[in-house]
Amino acid sequence: MNNRKISTVRGMHDTYGTSFYKQRSIIESFIKVVSLLNFTPMNTPIIEHSEVFLRTLGDSSDVVMKEMYTFLDKSNDSVTLRPEGTAGIARALISNGFTQNLPQKYFYYGPMFRYERPQQGRLRQFNQVGLEFFGKGSYFEDCEVIRAAHHFLIELDIKKDVKLKINTIGKTDSRKSFIKEIKAYFYSNKKKLSSDSLKRLDRNPLRILDSKAPEDIALLEKAPVIYDFLKTEEVNSFKNVKSTLKELDISFTVDPYLVRGLDYYSDTTFEFTLTKNDRFAVLAGGRYDNLINELGGGKISGVGWAAGVERLESLLLKGPLINLPILLIPTNEKYMNYVLRISNKLYFQNVKNQILDHFNLKKSLKYANKVKAKIVLIIGDEEFKSSKFSLKNLESGTQVTVNEKELFEKIKNE
RNA sequence: GCGACUGUAGCUCAGUUGGUUAGAGCGCUGGUUUGUGGUACCGGAGGCCGUGGGUUCGAUCCCCAUCAGUCGCCCCA
């Protein structure tokens, strides 16, 4: 009665085949790069107390307002599927007392959940790779995480498709006075604002800065600029970030309108976006001075970034080839034990292989084509009797009869 | 949260101005070939036309809702 086909939950996809391998290779590249820079792995739970995100991300952010998977568990505790990675890592730093021993450098990867409308480059369950650097809060740390990002994108061979934008949004005090000014400025120009920005005015005025609406962009020309509100120390730190990036040959543009959506950010912010599509952020991050404190861990500064695995995947042209070096074809069930032993020998030589139990040569060869097997080994009556194999190369079509010793020699040469 | 388009066979898609048995290509399967694939030819299976409701004598088609996909906005990785 209820036997219609079941589907996935909206915005949550199955990953298999080429896509699976592509994602795995992205994560492998990530681990390779960040391990060389001595970031260490950390896994945090996918579910956290809702508080972890409520206290850090900011009440006004869209993530908190409408995108969190929050529910009561069976003890009536409010828990949330993590919408991002930083808050969990920061929580772990505090929970485990690692704040006593700085600096600490961590990387992570795994699924994140946001209840949004799915569209290009956006899913409700998606994977992120990311890293965090907790230390004294110097420009060196900013550059260190940007350096890691730069190497990562080169490793993936997509550095050529993206550009780096950086900015600073100052520390809390400077930012507060800046926000006060732009709020006043936009209020006095209220009638000229776009309807979207009108809504942002009270909730999150910083966001008006990176608005794409032409009427807003026109207003920005005469708007106050963050740099006029920075203290000397903040200005110098940003200068140092820029000169160090130049030293590292990491090209960037300074975008005074680059702001971050989450409340915990301060000082340096950065974003790698597609050169041909400014809105497509591939990797983004920044510094956060208040996050640890919000979670009760004291005044510790951190800087980090996250990148969307599926977004990166969409930029990779070629996935790894899925192939099968050897397919073992017994023509009769009575040879199975023998074939299993051969399969094990191949396994211990690190040769990927599969046994097919069709016991029908024609079907088996058709299957071999489909799975792109390079070589098939046929074991039938004649072969079994004489302890030999018919070794057929499916690409060339040639077939030879070999004994076990010759078989392994031949395979080594392939 | 707002908006646009789409949903017919395993896949890609035709189609019906509302009318009896809903089509193609690819794929699958059987045979020509009882141990030799990728080619060719001949057969076959496979569809509550996304789901629920409404209008109608009659709905896959029209209307409403809902679910899913794709794409914009908002926002973000």
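As the structure is a prediction and not an experimental result, all values here were calculated from the model.
Not a single donor-acceptor pair, N or O on each side, falls under 3.5 Å between the base of U36(B) and the side chain of K362(A). Between the side chain of R311(A) and the base of C76(B), at least one donor-acceptor pair of N or O atoms lies under 3.5 Å.
Distances from the side chain of I378(A) to the nucleotides U36(B), C75(B), G72(B) place U36(B) closest. Among the nucleotides G72(B), U36(B), A77(B), the one closest to any side-chain atom of S390(A) is U36(B). Here the nucleotide nearest the side chain of R207(A), chosen from C73(B), C76(B), A77(B), is C76(B). Of the candidate nucleotides A77(B), G1(B), U36(B), G1(B) has the atom lying nearest to any side-chain atom of Y115(A).
Distance check on atom P: U70(B) versus G31(B) gives 41 Å, rounded to whole Å. G25(B) and C63(B): their C1' atoms are spaced 34 Å apart (whole Å). Spacing between G58(B) and U16(B) at atom C1', rounded to whole Å, works out to 14 Å. Comparing the C1' positions of U17(B) and U32(B) gives a spacing of 46 Å, expressed to the nearest Å. On the C1' atoms, U60(B) is 16 Å away from G53(B), given to the nearest whole Å. Nucleotides A24(B) and G15(B) place their P atoms 15 Å apart, quoted to the nearest Å. Nucleotides G50(B) and G7(B) have their C1' atoms positioned 6 Å apart, rounded to a whole Å. Straight-line distance between the P atoms of C71(B) and U66(B): roughly 23 Å, to the nearest whole Å.
Taking the six-membered ring for Trp and thresholds of 30 and 60 degrees, Y338(A) and F389(A) have nearly parallel ring planes, at less than 30 degrees apart. Ring geometry for F238(A) against Y227(A) counts as parallel: the plane angle stays under 30°, on a 0 to 90° scale with 60° as the upper cut.
Using a 4.0 Å cut-off between charged side-chain N and carboxylate O, E234(A) and K171(A) make no salt bridge. Here E404(A) pairs with K345(A) in a salt bridge; the nearest charged N to carboxylate O distance falls below 4.0 Å. Between D278(A) and K163(A), at least one side-chain nitrogen of the basic residue sits less than 4.0 Å from a carboxylate oxygen of the acidic one, meeting the salt-bridge criterion. Between E144(A) and R147(A) there is a salt bridge, since at least one side-chain N of the basic residue sits less than 4.0 Å from a carboxylate O of the acidic one. Note on K66(A) versus E116(A): no salt bridge recorded, every NZ/NE/NH1/NH2 to OD/OE distance being 4.0 Å or above.
Nucleic acid contact class of A368(A) (heavy atoms, under 4.0 Å, all strands): none. Base contact: E383(A) has a heavy atom under 4.0 Å from a base atom. As judged by a 4.0 angstrom heavy-atom cut-off over every strand, E271(A) is placed among residues making no nucleic acid contact. At the heavy-atom level, E116(A) lies under 4.0 Å from base atoms of the strands shown. When heavy atoms are screened at a 4.0 angstrom cut-off, G397(A) is found touching base atoms of the nucleic acid. Among the heavy atoms of the strands lying under 4.0 Å from E382(A) is at least one base atom, whether or not backbone atoms are also near. As judged by a 4.0 angstrom heavy-atom cut-off over every strand, Q119(A) is placed among the base-contacting residues. Counting any heavy atom pair closer than 4.0 Å across all strands shown, N127(A) reaches no nucleic acid atom. Nucleic acid contact for L123(A): base, since at least one base atom lies under 4.0 Å from a heavy atom of the residue. Here N369(A) lies in heavy-atom contact (under 4.0 Å) with a base.
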Quick one: which protein N/O atoms are closer than 3.5 Å to N/O atoms of nucleotides 28-30 of chain B? Pair and distance per line, please.
{"unit_1": "G30(B)", "atom_1": "OP1", "unit_2": "K363(A)", "atom_2": "NZ", "d": "3.3"}

At a cut-off of 3.5 Å, list every protein nitrogen or oxygen paired with a nitrogen or oxygen from nucleotides 64-69 of chain B, distance to 0.1 Å.
{"unit_1": "A68(B)", "atom_1": "OP1", "unit_2": "R10(A)", "atom_2": "N", "d": "3.3"}
{"unit_1": "G69(B)", "atom_1": "OP1", "unit_2": "G11(A)", "atom_2": "N", "d": "3.0"}
{"unit_1": "G69(B)", "atom_1": "OP2", "unit_2": "R10(A)", "atom_2": "NE", "d": "3.2"}

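Taking the six-membered ring for Trp and the full ring otherwise, F30(A) and F107(A) have centroids separated by under 6.0 Å.
Every residue was checked against the ring pair (Phe, Tyr, Trp, His ring centres under 6.0 Å) condition with F134(A), not counting sequence neighbours, and none meets it. For Y115(A), the ring pair (Phe, Tyr, Trp, His ring centres under 6.0 Å) partners two or more places apart in sequence, or in a different chain, are Y69(A). Scored by the side chain to side chain donor-acceptor pair (under 3.5 Å) test, K159(A) finds no partners at all (sequence neighbours excluded).
Protein atom CG of D216(A) is 14 Å distant from nucleotide atom C1' of C73(B), rounded to whole Å. As rounded to whole Å, 11 Å separates atom C1' of G37(B) from atom CD of Q399(A). If you measure from atom NZ of K212(A) to atom P of G72(B), you get 13 Å, rounded to the nearest angstrom. Here G1(B) presents its P atom at 17 Å from CZ of R114(A), a figure rounded to the nearest Å. Residue Y335(A) contributes atom OH, which lies 13 Å from atom P of G35(B) at whole-angstrom precision. Nucleotide G35(B) holds its P atom 6 Å from the CG atom of N360(A), rounded to whole Å. As a whole-Å value, the separation of F280(A) CZ from C75(B) C1' is 14 Å. Taking atom NZ of K392(A) as the reference point, atom P of G37(B) lies 7 Å away to the nearest angstrom.
Heavy atoms only, all atoms of each residue included: S390(A) and Q399(A) are closest at CB-NE2, 3.4 Å.
The neighbour count for E51(A) CD, taken as heavy atoms of other residues, nucleotides or ligands under 6.0 Å away, does not exceed 12.
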Between Y106(A) and F39(A), is a side chain to side chain contact (heavy atoms under 4.5 Å, CB included) present by the stated rule, with each step listed?
CA-CA 5 Å; Y106(A) 295 105; F39(A) 285 81; 5.8 Å; no

With side chain to side chain donor-acceptor pair (under 3.5 Å) as the criterion, how do Y335(A) and D381(A) come out once you've worked through the C-alpha distance, each side chain's angles and the decisive distance to 0.1 Å?
CA-CA 9 Å; Y335(A) 307 134; D381(A) 299 336; 2.3 Å; yes

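Counting only Watson-Crick and G-U wobble pairs whose two key distances fall under 3.5 Å, RNA chain B forms stems of three or more stacked pairs at B:1-7 with B:67-73, B:10-13 with B:23-26, B:28-32 with B:40-44, B:50-54 with B:62-66.
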